[in-house]
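Heads up, the thing below is written out as structure tokens.
Below, read A as the first sequence line, B as the second, and so on, with proteins coming before strands; counting in each chain starts at 1. The structure presented is a predicted model; accordingly, all values stated were derived computationally and were not measured.
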Amino acid sequence: MSEMSVKQDKGYIAPPTNKVTIPDKKQIENAKFAMWLYLASEVVIFGTLIAVYVVFRFTNPEVVRQVHDELGIALVSFNTFLLLASSWAMVMGLRAIKRGDESGLVRWIGLTAIMGAVFVGLQYVEYSELAHLGLHLGTEWGMRFYAPTAFHGAHVIVGVFWALRIVARGRRGYYSPQNYLGVEIFGLYWHFVDVVWIFLFTIIYLV
Amino acid sequence: MASITAPTIGEGKVQPQAPSLRIQDYLRWTVDHKIIGVQYIATALFFFVIGGLLAMMIRWELLTPTLDVMQTGEQYNTLFSLHGTVMIFLWIIPVMAGFGNFLVPLQLGAKDMAFPWLNAFAFWIIPPAGLLMLAGWLVGPPEAGWTSYPPLSTLYSADGQTLWALSLHLLGISSILGAINFIVTILNMRPEGMGFWQMPLFCWAILATSIIVVMATPFLAGALTLLILDRVAGTSFFNAAGGGDVLLWQNIFWFYSHPAVYIMVLPGMGMLSEVLSVHSRKPIFGYRAIALSSMAIALVGFTVWAHHMFTSLTPELRIPFMITSLIIAVPTGIKVFSWLGTIWMGKIHFTSAMLFALGFLSMFVIGGISGVMLASVPVDIHVHDTYFVVSHLHFVLYGGSVFAIFAGIYHWWPKITGRMLDERLGKIHFWITYVSFFFTFFPQHILGMQGMPRRVAVYDPQFQTLNVVVSVAGFALGLATFVLLANMVSSLYSGKRAGANPWNALTLEWATTSPPPAYNFVGDPAPFADPYGYGTRESKEYLETLDKRFPPPVDDSLALTPNPQGTGD
Amino acid sequence: MSAETGKQTTTNRNSVLLIIAAFALFILGGFVIAQATPSLFPEQASAESQQVDDLFQFMLVIGGAIFLLVQGMLVYSVIRFRAKPGETGDGPPIHGNATLELVWTAIPGVIVLVLAIYSYSVWVSTTSAKDNEQVVQAVGQRFAWTFTYEVPRSAVPEDVNVADLPANIQQQFNDKGTFTITSPELHTYVGRNVKVNLLTQDSQHAFWIPAMRVKQDLLPGRVTETRFTPVLAGEYPVVCAELCGGGHGEMRASIIVHPDQETYVTWFNNEAARVFYPSEDPVERGQQVLASGAYPCAGCHILDELGWVGVTGPNQNGVADRVVNNRSPATGQTPEEYLFRSLYYPHEYLVPGFGPLMPQFQSENPGAAYYMPVEDGEAITAYFCTLSATQDNVCDLENLAAIAEAH
Ligand code: HEA
Ligand code: HEA
Ligand code: CUA
Ligand SMILES: [Cu+2]
């Protein structure tokens, strides 16, 4: 405090631009709360895109049925399973660091990243199959399908990079049983991406 | 009322001293919320001048019923498209965020926002986004209006329309990040002793606004994503020929944009509550009602969007939206009457801030009443997309939001800069603005009712007389703004020293130096229990203690010391 | 009872009276303001307009009263409660008044309820379907209006053999039993219930007749409709009210309300006769086709002879001379070839300074958009050939016929 008024003689001292401190309890609450708010707004965007599909689903059931017949759901079912499993790996990672098991954290979150990456790869396979069937972005069904799924895919890609960052930090020993906020926040995001996919999978492939 | 009597504000500790800030301090990346707030406000003012310049060109063109200043209709369409977009997304919304940034942590006695880095990031998205918008001029500017209805904005517009959409996307991200920060700050960072019901009404307004931003702006993001896909990726979400639907855009766009009009006015209403109470030296009348009506407006605001679509929506669906739109008048009325109750029996000081606040009351009500008329379907059918709507929107946006911003500038300028604005220039600014504002926008009601559509450069010659009146008054309105700008510049160099609390106000931002030091307060500030507890003995004592701790500046003519307040070290 | 309380009651009674008087004054003021209504609107040319104006007038009474109330309280406050110079004290610490707050929540609540009910009743009575409606179709395209009417087979005069009529008209009879005539104005007559079906060829537009107080958007991919009943003969503007591009301001037309059915029928038969007895002279036929508004040229071009005022495309006054003097030599085509092909391939014949905005007409598919049969193309070209300073025909009409034949 007194230190501050001394410094003032040299002009205005702005707060430091990046604090690398162990966040206090309040800051933890804040960060989680902010993440929830962010996810709420994401829900709205996905909601808009999904709603566009749903309306089409109701007004053009025959087109959708035809797509279902031609496509089959083996691949996406596997993909869905993969994403669910990655969520579980994510939880295991968080549990590991809470117990102080740093290498566990790195392993589990690494697995999460790998599964996310495979998901994206398989999604690409799925897309090329669809393109083969002539269901490209310019078709009535195609545009309503690609917009939400590609938007979701972009979220998975972001999530993979985020996970890799956590892995990198974890290897340097950044996280500890006292400081695992970053992992927790990532967890919220990853679960969200997972849940969105469950919705997409159900709405696009199952009904 | 006040249960805590005159809290001791770090008495006996080190005397805080106002920092001296230089222009350079504002031109670089920093995570200090006060500087970010000023950065927002300055950037927004810059775009206000751009938007105003475009408006002047609109009015110049409309002096005659034929195309003359502009070569083609498209060029004219560009003018109002960018005027509307710039004014809304680069002036009103950022300037409100600027006031929020500067004031919310101060009013809460916090050191900064919850996420300082995020805060700076959200701001720095804005300048490039603004440039991106204006860069449209290089590739064929947008010309489909600020509402950009497809297929005009998809099949018939140049590439500037894509830049327009990208730019709005960025601005949307910026306001979502800002809003998340506000919500967390307001809910989690209030000081000991400040419950929700002791929070300044400006914070309530920012809270309500931020909730709208977080829930509504993503809709805009969704709509823009689809628009961009339609323009560059060959989809046809909005193209009937390819199985799309033009009403999809209208529905999503207005589902965002109606709530957005409350994003634009609620913070202004928050500022108004502060200014009216302080400058009439009387507690706010019906504090809870004002706070809750913000929430009610935010909520009901989500149910009215299709009142912008009364001529395109399926007829059966129009009536429900009429009813919800009419209902919005009730919570807004509560605010207006509560403000009238606030100044009633007060001791009204005609400062420039107060004049603009009173100007808001008197002009916003006109815009509100015309809004209620628009909400009635049979009347709207006739006046939709005419100058009646243009009039309505300027009465609420200029007579409402902008008047409130002006009031806010006069009120908080001393806190931001440590210097007073010239009151005489302020009054000149007010009177020219007030009168020319009325004559710029009131006659537009009549033009619209008599049959002049909006967004036209070529109009029926019978409307010329009124248009000339409007244009001339519009030029005066533009010039009046220079009085404010001149006042600001001269105050920076030679304005009277302000002291910590020039208006004797009770909210916490006044319980520190002007401008406040880094981290805002020395020690943990204790708020006065009732932010509007004027007229009580306790408040008087509290203000006296404040004055002791932050002695008001000595008369400028006598003060030769560079820093007259806070001589204690 | 002491004298003190007696005085109290009188002041109370006085202030109640004062408040009532003030409110009466505000409402009276609202009535006075509302007297302006008729001068704010165009003439009331439809049955609906009277109801809409009455609703508006009612809202103006209420809005005017609220306006006076708020401004009155403001002005009163700033005069009565202004701080004297040098005064530093505070106002009384009043924080609210539950009764008052309830009142100013409830009264606006009641007002908006009344407004909702009244508006709803006007809405229902102005928009419900009426018996025996005249159905007109209005087509909007950038930047012109075309109105089309159906002529039943029974209206074909005795002396006309359907088999002799142009092919596209026979086709229409075969397809739908009627054929379509077009007009750049909307014609109807006093007392007739009109239903307008609206469709657009391109972007959105909005069909607005200020004098009738009706407006409805034209939406791509949909047919929308609006209804009204004219009560006053005359000619009124039809305006496009939805931004549709650079020529939005020029996208206007008229509605002509004939005083009675007879004059309307006379007009209608005249229009139909043009089709039943087509002129032998291609120039005259071309002029008739253009004057009928069958094509949206008026939206973008100026042509004084036909009253076109659009400014988006090149000016057509004296086009024949310009073609002969500049364009023909520049392209090496004959004037008739240049003009004819400009209709079907406008983007290959851009006049310097103008962009490729003109719709591409086609003569192959009668069902598709921008259909212009070759006969029309030929006639229009022939007419354009006469738009010279001397009014002479600058083209070789036989060559033109050959070009058309080959097309
Ligand atoms: C700050 C921005 C702002 C605000 C606050 C408002 C407030 C309101 N607006 Fe406005 N509006 C716009 C900005 C705003 N609007 C814009 C920008 C457009 C044009 C968009 C475009 O097309 O470009 C628009 C257009 C618009 C339309 C569409 C018109 C059309 O295109 O045909 C409608 C229709 O219902 C409408 C209604 C209302 C209503 C009912 C309110 C209400 O919230 C008003 C409530 C306030 C009062 C009523 C006054 C105070 C109350 C009292 C004193 C109590 C007593 C009163 C009564 C009982 C009546 N507005
Ligand atoms: C906050 C929002 C805001 C603000 C402040 C304004 C301010 C002004 N507006 Fe704007 N306006 C909109 C929001 C706003 N507007 C919107 C949303 C639309 C709809 C767009 C659409 O249809 O898509 C619109 C449309 C609109 C139109 C209708 C165009 C049309 O439909 O064809 C007109 C016409 O008169 C107009 C005029 C003005 C004027 C004269 C001002 C003045 O108040 C401006 C005064 C200028 C300044 C205060 C800046 C300082 C002045 C200068 C730097 C200029 C130099 C001075 C001189 C040459 C004298 N506006
Ligand atoms: Cu058609 Cu505007
Ligand atoms: Cu609205």
Contact winner vs chain B - [options], heavy-atom pairs under 4.5 Å:
| options | value |
| --- | --- |
| C:V78, C:V122, C:I62 | C:V78 |
| C:A116, C:G109, C:A36, C:A98 | C:A116 |
| C:T127, C:T224, C:N97 | C:N97 |
| C:C240, C:P210, C:S39 | C:P210 |
| C:C244, C:G221, C:G247 | C:C244 |
| C:S49, C:G89, C:G63, C:P92 | C:P92 |

Could you give the distance from [atom1] ([X]) to [atom2] ([Y]), rounded to the nearest 0.5 Å?
| X | Y | atom1 | atom2 | result |
| --- | --- | --- | --- | --- |
| B:H384 | C:D217 | NE2 | CG | 5.5 Å |
| C:M73 | B:L361 | CE | CG | 10.0 Å |
| C:L115 | B:S325 | CG | OG | 12.5 Å |
| C:L113 | B:I327 | CG | CD1 | 9.0 Å |
| B:T536 | C:H95 | OG1 | NE2 | 7.5 Å |
| C:R82 | B:K347 | CZ | NZ | 13.0 Å |

Under a 4.5 Å heavy-atom cut-off, does chain C meet the side chain of [X], its backbone, both or neither?
| X | answer |
| --- | --- |
| B:F80 | side chain |
| B:I369 | side chain |
| B:I366 | side chain |
| B:S312 | both |
| B:Q250 | side chain |
| B:S338 | both |
| B:L67 | side chain |
| B:M70 | neither |
| B:F238 | neither |

With a 3.5 Å distance limit and no angle check, can you tell me whether [X] reaches the backbone of [Y] through a side-chain donor-acceptor pair?
| X | Y | value |
| --- | --- | --- |
| C:Q71 | B:S362 | yes |
| B:K282 | C:D90 | no |
| B:N77 | C:G245 | yes |

If you apply the rule side chain to side chain contact (heavy atoms under 4.5 Å, CB included), what do you find for C:S119 with B:V379, and how did you get there? CA-CA 8 Å; C:S119 302; B:V379 173; over 6 Å; no
Is [X] in contact with chain B via its backbone, its side chain, both, or neither, using a 4.5 Å heavy-atom distance?
| X | value |
| --- | --- |
| C:T105 | both |
| C:L100 | side chain |
| C:Q216 | both |
| C:R80 | neither |
| C:Y76 | side chain |
| C:T226 | neither |
| C:L357 | side chain |
| C:E242 | both |
| C:V214 | backbone |

Ignoring hydrogens, what is the shortest heavy-atom contact between [X] and [Y]? Give both atom names and the distance.
| X | Y | result |
| --- | --- | --- |
| B:G448 | C:W208 | O-CH2, 3.9 Å |
| C:R142 | B:L152 | NH1-CD1, 3.6 Å |
| C:L40 | B:M449 | O-CB, 3.3 Å |
| C:P93 | B:P283 | CA-CG, 3.6 Å |
| C:L69 | B:F337 | CD2-CE2, 3.8 Å |
| B:L340 | C:L74 | CD2-CG, 4.0 Å |

Taking the side chain as everything from C-beta on, heavy atoms only, tell me whether B:L247 gets closer than 4.5 Å to C:R222.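 Contact flag for B:L247/C:R222 side chains = yes.
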Side-chain touch B:I348/C:S77, heavy atoms, less than 4.5 angstrom: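 Yes; the side chains approach each other to less than 4.5 Å.
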Give a yes or no on whether C:Y120 atom OH has more than 12 heavy-atom contacts from other residues, nucleotides or ligands under 6.0 Å away.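 Not more than 12 within 6.0 Å, no.
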Check the surroundings of atom CD in B:Q71: do more than 12 heavy atoms from other residues, nucleotides or ligands lie under 6.0 Å from it?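 No - once you tally the heavy atoms of other residues, nucleotides and ligands closer than 6.0 Å, there are 12 at most.
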Heavy-atom pairs under 4.5 Å with chain C - which of [options] has more of them than the others?
| options | answer |
| --- | --- |
| B:F350, B:F285, B:Y287, B:Y76 | B:F285 |
| B:A457, B:G286, B:G244, B:G341 | B:G286 |
| B:L155, B:V330, B:T72, B:T147 | B:V330 |
| B:T154, B:D245, B:N239 | B:D245 |
| B:H349, B:M345, B:E143, B:H445 | B:M345 |
| B:V458, B:V372, B:N504 | B:V458 |

Counting a contact as any heavy-atom pair under 4.5 Å apart, which residues of residues 195-206 of chain C contact chain B?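 Within residues 195-206 of chain C, the residues under 4.5 Å from chain B are C:D202, C:S203, C:Q204.
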Mind telling me whether B:F388 and C:F56 have parallel, tilted or perpendicular rings, with 30° and 60° as the class edges?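 If you compare the ring of C:F56 with that of B:F388, the planes turn out perpendicular.
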Does C:F41 have its ring centroid less than 6.0 Å away from the ring centroid of B:H382?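 Between C:F41 and B:H382, the centre distance is under 6.0 Å.
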May I have the step-by-step check of side chain to side chain contact (heavy atoms under 4.5 Å, CB included) for C:R252 and B:V456, ending in yes or no? CA-CA 12 Å; C:R252 314 173 114 248; B:V456 298; over 6 Å; no
Part of residues 315-323 of chain B lying next to chain C, heavy-atom separation under 4.5 Å: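 Heavy-atom contacts from residues 315-323 of chain B to chain C are B:P315, B:R318, B:I319, B:M322, B:I323.
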